[in-house]
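Notes follow the structure.
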Amino acid sequence: MICTYNTLIFSGLFDHHLTLAPKVETMYSPQSTKALQKETVDFLKKAVNGKIGAKEIESLRQVLRFHEYRYYLLNDPLIADPEYDKLYKALEEMEGEDASLVSSDSPTQRVAKGLTKAFPTVQHLVPMLSLENSYDSDDLISFDRKAREGTGVDKIEYCVEPKFDGGSISLIYEDDMLVRGATRGNGLEGDEITSNVRQIRSIPLSAKFSDYGIEQIEIRGEVLINKDKFAKFNQQLIEQGLAPLANPRNAASGTLRIKDPQEVKRRNLEAFVYNISFYVRSKKAAKGTANNLQTHSAALEMLWNLGFRSPQKEKKVFKGIQSVIEYCNEFESKRDDLPYEIDGMVIKINDVDLQDKLGMTSHHPRWAIAYKFKARQATSKLLNVEFQVGRTGSITPVAKIQPVHIGGVTVSSISLFNEDVIREKDLKIGDRVLVERAGDVIPYIVKSMAELRTGSEKKIQFLKNCPVCESKLFKEEGEAAWRCINIECPAQVVERIIHFVSKDAMDIRGFGDANVRKFYELGLLKDIPGIYTLDFNRLGELEGFGQKSLDNLQSAIENSKKQPLHRLIFGLGIRFVGETTAKTLTQAVDHLLDLKDFTLEQLQDLEDIGPKVAGSVFHFFSNKDNIQILKELEKLGLTLKNQKKQHSSDGNLTGTTFLFTGTLPTLKRSEAEEMAEANGGQILGGVSAKLNYLVVGEDAGSKLEKAKKINTVKIISEAEFLRLLKK
Ligand code: IVH
């Protein structure tokens, strides 16, 4: 039997009591949580000896699903990451040994190999409609009036939930298994993106709809990227010389169409589901076996109980529109505290029969309305474009606009990133521009309004010379940014010092951008080593510097000398070297100056270091002035030694060099490296004749190929490595 959610929901099959089920906090009861926790401990013990039997494989999967649920949905994990990894690896190994044990909803089956060739167009089972918008309490009052007139009900019950600002998706489950994921597309047809949807941890690969008497179901939801993950992702783009994405919404919907599922996985998308559009009732379903789905809030609760992230905790049910308005206002004030973006609230008539009575237009349902929060967009005039020089010499155009208030902040300066952005947006000085500021995200120009031009607008002239030192600008092939390559350029020197003292680098509090600029302009600070030879007597003569702030600054400078090596490497501001690469480089050396002996090839052999990064590091350490600066810093008392890398001199691996590559069956690479080092072994940064053992896991790449060409390198498995340890 086929039912659309709004016409035939379980009619005649189940009891129609309207009371809501008690609020649930988790789909697992306290008893089952305890039982699963006990099983976890048992499996962890067994995993060490490889003693999990084939019969237990489904229980192991259940345990992993439980911990994924705790982690991704409740944000309240009950085990540590390495413990989860151990169980996951154990499952992977069991499935690897016997392919007949694999099931498509196994936690291991989120990993997609290879690239998606195309996203076929698929038809939605029910058209994906849009929502009518409302902007103030009057709009909501008039929506309520029409709803009361249409239904004949005096005081309507509404379910109110956030309006998530991401990319909408539809999911189909058949016989409890996720079988299809699709984008909204034009509402009738979308792109089939199942392989990408499988990478989103808050979307279950299987769910027990059969317990609710459902055989096939189509669910609607929104895919989001958390604000902090978005900020990190943009930071990486900037480090790579690429323009950052405008907002989390574009990042989420863009990611859904990426053809590399591994990249989708890396971006850590989240998904909320908020609507059932269609289902087919199973023939076997007997009266009374399922939950009461007569209300929207009960549907959200069912989805939550099945392991989906529905707005179960965020939703509220009210009788009458007045409390709805209050809840919308209350939520708007909390908007910035949420980890993800919402752009309003959605108000839905709770009773499904009443929804049916009102029906829908060709565009939107009459039983729901979106309440849009105050716009974070405004129009303004583009007054001028200024050019800033970054620490690596890149020239960034910055739009100066007539100041406008957006979401409680006055915006007058907006980065345009590079020349291409100016061209793509067809910007001219004097243009009216649309500006958006999404949440914590930096403001950006959405577009210029070409139709409002008067003819007096001026073309933006891009510079040929550096605005600070006047050197000729260059643009490398394949790069978007123009660059000043004068390393002595005062703007670059100042920016480099600012970066060096910043929180994520050497974290010298009390400096701040303004002080660095001031000291530089007064000739009191010329370069990075100058930080450690500052003349505090002269600083004391400056206006606004009390003894206390000077003492604080002095001790912050002193403390920074003990910062770990990776912070110093990051602080040097080498192009393309972010915090992660800085840690990788640290791992590869005993002393920072070892890097000057690395060849381009050796650098590329390091984890996640490609030709571009390797070239930049090589270039930095081939420059005599840079080496001189590093030596000076060492003399001034900074730590250039990798202090974490102390080799045990009396283990059974003493004098033996190792390198780990690929995914090891049970150990994390960092764990294996620690084990080798603890036994006196030394970890090398890349494959060379100095290497004794290359320990290879799954998907080992170029390192393995290279090692095969060097006779002296022994290629071994993790198991053989563990045997070496025991010898
Ligand atoms: S209900 C038939 N609920 O907003 C009604 N939509 O502007 C289906 N959206 O296309 C939509 N959060 O992509 C609904 N809690 C929520 C939502 C939501 C975000 C999106 C959805 C829809 C768009 C309308």
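Start at 1 and go down the list; that is how both ligands and their atoms are numbered. Residue numbers count from 1 along this sequence.
Every heavy atom of Met128 sits 4.0 Å or more from the atoms of ligand 1. Under a 4.0 angstrom heavy-atom cut-off, Pro162 registers as being in contact with ligand 1. Residue-ligand proximity: Ala368 is placed with every non-hydrogen atom at 4.0 Å or more from ligand 1. Under the 4.0 angstrom criterion for non-hydrogen atoms, Arg220 is not in contact with ligand 1.
Looking at Asn275 next to ligand 1, no N or O pair under 3.5 Å apart turns up. Checked against a 3.5 angstrom limit, the closest N/O atoms of Ser130 and ligand 1 fall outside it. In terms of N/O distances under 3.5 Å, ligand 1 is not approached by Trp367.
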Practice task
List the steps and the verdict of salt bridge (Lys or Arg N to Asp or Glu O under 4.0 Å) for Arg249 and Glu436.
Solution key: CA-CA 12 Å; Arg249 181 199 329 131; Glu436 181 166 325; 3.0 Å; yes

Handout entry: Test side-chain hydrogen bond (donor to acceptor under 3.5 Å, both in side chains) applied to Glu192 and Thr194, step by step
Key = CA-CA 6 Å; Glu192 198 250 87; Thr194 316; 2.6 Å; yes

Exercise for the section: Could you please spell out the steps behind the ring pair (Phe, Tyr, Trp, His ring centres under 6.0 Å) verdict for Phe373 and Phe331? Expected result: CA-CA 10 Å; Phe373 289 156; Phe331 224 97; 7.4 Å; no

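Lys316 and Tyr327 get closest at one heavy-atom pair: CD-CE1, 3.6 Å.
When each atom of ligand 1 is checked for a heavy atom of Leu129 under 4.0 Å away, the hits are 10 (O). Taking every non-hydrogen atom of Glu161 and a distance limit under 4.0 Å, the qualifying atoms of ligand 1 come out as 3 (N), 15 (N), 16 (C). The Ser168 neighbourhood of ligand 1 comprises atoms 13 (O), with distances under 4.0 Å to a heavy atom of that residue.
Taking the six-membered ring for Trp and thresholds of 30 and 60 degrees, Phe308 and Tyr173 have ring planes more than 60 degrees apart, a perpendicular arrangement. In this pair, Tyr340 and Phe164 present their aromatic rings tilted. The plane angle is within the 30 to 60° band.
Side-chain contact between Leu306 and Pro204: absent, with no pair of heavy atoms (C-beta onward) separated by less than 4.5 Å.
Protein heavy atom at the shortest distance from atom 2 (C) of ligand 1 is Pro365 CG, 3.7 Å. Among all non-hydrogen protein atoms, the one lying nearest atom 24 (C) of ligand 1 is Leu131 N, 3.6 Å. Scanning the protein for heavy atoms near atom 3 (N) of ligand 1, the closest one is Lys348 NZ, 3.0 Å.
For the atom pair CD1 (Ile172) and OG (Ser277), the distance works out to 8.0 Å, reported to the nearest 0.5 Å.
Looking at Val346 against ligand 1, only its side chain comes within 4.0 Å, counting heavy atoms. With a 4.0 Å heavy-atom cut-off, ligand 1 is reached by the backbone of Lys163 and by its side chain too.
Here atom 21 (C) of ligand 1 lies nearest to Tyr274 when heavy atoms of Phe272, Phe164, Tyr274 are compared.
In this model, no donor atom of one side chain and acceptor atom of the other lie less than 3.5 Å apart for Glu270 and Tyr72.
Residue pairs meeting the ring pair (Phe, Tyr, Trp, His ring centres under 6.0 Å) criterion with at least one partner in residues 342-366, sequence neighbours excluded, are absent.
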